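The next block holds one structure in the form of structure tokens; read it before the comments.
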Amino acid sequence: MSKIYLKAMEEVVQRNTDNSNRITEQAQGFVVSENATDSLLHTSFDLTTAQGIVKHLHTSFLKLAQSCVRDLDPEDKLCFLRVKTRKHEFLVSPEECFTVTVVL
């Protein structure tokens, strides 16, 4: 992972230390992907699972949610998305360069 992404990730974690610690204790895993290409930067899952999360959540659902927020208010942006299913809970945090998804 490049230094730019590492620095940006460190800033996000530091801004949200309390939430990051609580979520890390409960998490099954996480995926970090680059926004420009939807390529994986880092993951705790196997490659197939991580690619599925990026494909289905990031490229489809997340972009739709971001578009809906922009349609409601063009000056606003999506900061956090929480999706809960029967089996899992996905916490998605899109940043400027990358998107972090945590699976609970």
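Just so it is clear, the structure is predicted and the values come from calculations on it, not from any experiment.
H88 is listed as a side-chain neighbour of Q28, based on a closest heavy-atom distance under 4.5 Å. Proximity of L64 to S60: side-chain heavy atoms (C-beta onward) are nowhere separated by under 4.5 Å. Counting only heavy atoms from C-beta outward, the side chains of V54 and L40 approach each other to under 4.5 Å. Side chains of E34 and C97 form no contact here, defined as non-hydrogen atoms less than 4.5 Å apart.
Here the closest non-hydrogen pair linking F30 and F45 is N-CE1, 3.5 Å. Across all their heavy atoms, P94 and V92 have their closest contact at CD-O, 3.6 Å. Nearest approach of S93 to C79, heavy atoms of both residues: OG-O, 3.8 Å. Shortest non-hydrogen contact noted between L91 and R82 is CD2-CG, 3.6 Å. Closest of all the heavy-atom pairs between G29 and S44 is CA-OG, 3.0 Å. When all heavy atoms of A50 and T43 are compared, the closest pair comes out as CB-OG1, 3.5 Å.
In terms of hydrophobic clustering, with Ile, Leu, Val, Met, Phe, Trp and Tyr side chains grouped at heavy-atom distances under 4.5 Å, L78 and I53 are assigned to a common cluster. Under a hydrophobic clustering in which Ile, Leu, Val, Met, Phe, Trp and Tyr are joined whenever their side-chain heavy atoms come within less than 4.5 Å, directly or via other members, F61 and L104 fall into different clusters. By the rule that hydrophobic residues join a cluster once side-chain heavy atoms approach within less than 4.5 Å of another member, V102 and F80 end up as members of one cluster. Both V100 and L41 belong to a single network of hydrophobic side chains, linked directly or stepwise wherever heavy atoms of I, L, V, M, F, W or Y lie under 4.5 Å apart. Cluster annotation: L62 and F90 are assigned to the same hydrophobic cluster (Ile/Leu/Val/Met/Phe/Trp/Tyr, side-chain heavy-atom contacts under 4.5 Å, transitive).
With 3.5 Å as the limit, one finds a donor-acceptor pair spanning the side chains of T99 and N35. Checked by atom type, the side-chain pair Q51/T48 shows no donor-acceptor distance below 3.5 Å.
Rounded to the nearest 0.5 angstrom, K63 NZ and H58 NE2 are separated by 9.5 Å.
With L57 as the fixed residue, the side-chain contact (heavy atoms from CB on, under 4.5 Å) test singles out one of V103, T101, V31, L81: T101.
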